[in-house]
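Comments concern the structure below.
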Amino acid sequence: MIPSDAEALDLLAAEHVLGTLDAREAEAVRRALPVNGALREAVLAWEARLAPLTGLAPPAEPPPGLLPRIEASLAAEAAPVVPMAPRTARPAAPGPFWKAWAIGSSAVAAGLALFLAMRPAEGPRMTTVLLSSRDQPAWLVEAEGGGLRLASVNPRPVEAGRVQQLWALPNGATVPISLGLVPEGGQASVAPGIVRPEPGMLIEISLEPPGGSPTGRPTGPVLFIGRLAPARLL
Amino acid sequence: MADTNPVAHLPRPDEGGPDIAGMLLGVAAGEAGALRRLYEAQASRLFGVAMAILRDRDAAADALHDAMVRIARRAGQFDPARGEAPAWLAAVVRNAALDLARLRGRESPTDDPRLGDAVLAPEALERIALSQQSLRLRECLAALEPRNRDGIVLAFVHGLSHAQIAARLDEPLGTVKAWIRRGLLRLKGCLA
């Protein structure tokens, strides 16, 4: 899709900046940008060349509610998924379980669920196993104390130049909430307060460009998905 | 490629306005209020850029929203050595607006009256700011054949697809594509 010939590459970059590529071509360029230095240079050079043309657009006042809307969107995604704290910093109990999960990569979802159900109850706890499109268990999710913890049960490399983004879709919502980018290393947590875990809430991980979805909604394929349920009912 | 960039090494235009690059660096550093200051300084210019492409206030507001979220997230990617902050901001807004335009089915020909004829008037070029790099671009655009220039302006400023430009200029699609490519190559040669 991306030519290696220098002239063809430059023309593609020019038409990308000009905006005349169709959606499919534009997406191909966007995907190639992080990994194709020559294309990136060509696009930057064309942006610099044509930038003064934006002066042809007369200024216009945006609607007054736009800044609050932008700030609300940013606040909603402000607390990113961060790697889990070192084990020593947390109560001892859950640790070995998560370690066991990470190692038990061949376990099937039903087995995981049973194991979880056997854990001592500490208040309302919900869990789910995020499955791949082939129903392979990929991530174990546990909601507790208003936050979420994730552990990979089947670690696999992320596609080069892409990141994984975690989303939650509360019951009745039509637009998922970004919970942040999934760090490498197979473990992650979401601080309480970003989303209120509830039974039936969908949790999903999508494949996104570097920095996460540019639109605030999943733009790439959903890699893994699961629905939170009370642990004892799984 | 970087060495052939015609504008990266030119002195900054002396606009005497607010320090947009400084605001952007403040956003990257997570300074409180930096994004709001940036928005207040640039929103009307950037909303104009989105409006020229989408010609619909709601859609342009969506585009500026998406762009500001991207800007907040990626401010750290802005490199003052590689270009002007206002140009970087406008590029993010254009991309967000073009994404929306594509989603809204841009591929059908349009005879949008809101576009008007003024956009193709020769004096429209006078609106390009008077910085050094802009003057050079203006000269190079003026040297293009009008149909090549019109195609470039309709695409870049107004977000029209090849098909829409062909419909507007009443020329075959293949011809318009070739004109625009020729115009781009001439522009590059002229700016080099």
Side-chain angles (χ1 to χ4, degrees), chain A residues 6-7 9-11 13-27 30 37-63 65-67 69-74 76-78 178 210-217 219, chain B residues 1-2 4-8 35-36 39 43-45 47-49 51-53 57 60-61 64-66 68-70 72-74 82-84 87 90-91 94 96 98-99 102-103 107 119 124-125 127-129 131 133-134 137-138 152-153 155-157 159 161-162 180-181 184-185 187-188 191:
Chain A
E7 275 182 30
L9 182 106
D10 195 51
L11 197 55
E15 295 195 314
H16 177 67
V17 172
L18 195 60
T20 47
L21 298 183
D22 66 30
R24 196 174 44 86
E25 294 166 325
E27 176 59 21
R30 208 166 299 169
L39 182 65
R40 205 159 53 234
E41 288 297 327
V43 165
L44 280 172
W46 274 108
E47 280 179 350
R49 277 183 199 111
L50 298 177
L53 273 176
T54 55
L56 286 177
E61 275 313 304
L66 188 55
L67 180 61
R69 191 180 143 205
I70 291 163
E71 288 176 332
S73 294
L74 288 169
E77 67 174 32
S178 173
S213 162
T215 65
R217 301 182 184 193
T219 60
Chain B
M1 203 65 206
T4 63
N5 182 330
V7 297
L35 190 83
R36 175 177 283 266
Y39 181 90
S44 65
R45 183 179 77 91
F47 191 68
V49 168
M51 270 299 282
I53 290 174
R57 282 187 65 81
L64 187 52
H65 167 271
D66 293 355
M68 289 305 296
V69 170
R70 289 184 208 182
R73 223 190 255 150
R74 300 186 200 161
R82 294 303 309 266
E84 306 280 348
R94 283 190 67 246
L98 286 168
D99 284 349
R102 289 185 180 108
L103 273 178
E107 296 314 309
V119 297
L125 288 184
R127 287 213 297 272
I128 298 180
S131 66
Q133 71 197 50
S134 305
L137 180 70
R138 236 162 82 169
I152 288 172
V153 170
F156 189 90
V157 182
S161 66
H162 281 136
I180 290 177
R181 288 185 176 180
L184 287 168
L185 292 178
L187 214 50
K188 184 182 175 186
L191 289 167

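Hydrogens, waters and symmetry mates play no part in the numbers below; they use all other heavy atoms, side chains included. All of these numbers come straight from a predicted model, not from anything done at the bench.
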- request: Measure from the side-chain N and O atoms of B:R102 to the backbone N and O of A:R24, and report whether any donor-acceptor pair falls under 3.5 Å.
  value: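 Side chain of B:R102 to backbone of A:R24, a donor-acceptor pair under 3.5 Å: no, none is there.
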- prompt: Looking only at atom types and distance, does a side-chain atom of B:R45 sit under 3.5 Å from a main-chain N or O of A:G55, one as donor and one as acceptor?
  reply: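 Here the side-chain-to-backbone pair does not exist.
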- request: Answer with side chain, backbone, both or neither: which region of A:L11 has an atom nearer than 4.5 Å to a non-hydrogen atom of chain B?
  value: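 Side chain only.
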- request: Side chain from CB out, backbone as N, CA, C, O: work out which of these in A:E7 comes under 4.5 Å of a heavy atom of chain B, or both, or neither.
  value: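 Contact with chain B is absent: no heavy atom of A:E7 under 4.5 Å.
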- prompt: Among A:G211, A:P62, A:P59, who wins on heavy-atom pairs under 4.5 Å with chain B?
  reply: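 So the answer, after comparing A:G211, A:P62, A:P59, is A:P62.
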query: If you count heavy-atom pairs under 4.5 Å with chain B, which of A:P63, A:P210, A:A14 comes out on top?
result: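 So the answer, after comparing A:P63, A:P210, A:A14, is A:P63.
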For residues [X] and [Y], report the shortest heavy-atom separation together with the two atoms involved.
X	Y	value
A:G19	B:L98	CA-CD1, 3.7 Å
A:W46	B:K188	CH2-CB, 3.8 Å
B:V157	A:A57	CG1-N, 4.2 Å
B:L64	A:I70	O-CD1, 4.3 Å

Under a 4.5 Å cut-off applied to non-hydrogen side-chain atoms, are [X] and [Y] in contact?
X	Y	result
A:T54	B:F156	yes
B:Y39	A:L66	yes
B:R138	A:P52	no

Which residues share a side chain to side chain donor-acceptor pair (under 3.5 Å) with B:R74, sequence neighbours left out: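 Applying side chain to side chain donor-acceptor pair (under 3.5 Å) to B:R74 gives none.
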task: Would you please name every residue forming a side chain to side chain donor-acceptor pair (under 3.5 Å) with A:E15, sequence neighbours left out?
output: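 Side chain to side chain donor-acceptor pair (under 3.5 Å) list for A:E15, sorted by chain: B:R181.
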- request: Decide yes or no on side-chain contact (heavy atoms from CB on, under 4.5 Å) for B:L187 and A:R49, but give the supporting numbers first.
  value: CA-CA 9 Å; B:L187 214 50; A:R49 277 183 199 111; over 6 Å; no
- prompt: With only heavy atoms counted, which part of B:A61 is less than 4.5 Å from chain A, the side chain, the backbone, both or neither?
  reply: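 Answer is both: backbone and side chain atoms of B:A61 are under 4.5 Å from chain A.
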message: Counting heavy-atom pairs closer than 4.5 Å to chain A, which one of B:D66, B:L35, B:L184 comes out on top?
response: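 Ranked by heavy-atom pairs under 4.5 Å with chain A, first place is B:L184.
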- prompt: Hey, which of B:S44, B:A72, B:A91, B:G48 has the most heavy atom pairs under 4.5 Å with chain A?
  reply: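 The residue among B:S44, B:A72, B:A91, B:G48 with the greatest pair count is B:S44.
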Rounded to the nearest 0.5 Å, what separation is found between the [atom1] atom of [X] and the [atom2] atom of [Y]?
X	Y	atom1	atom2	value
A:E61	B:M51	CD	CE	12.0 Å
B:D99	A:T215	CG	OG1	8.5 Å
B:M68	A:L67	CE	CG	7.5 Å
A:L53	B:R94	CG	CZ	8.5 Å

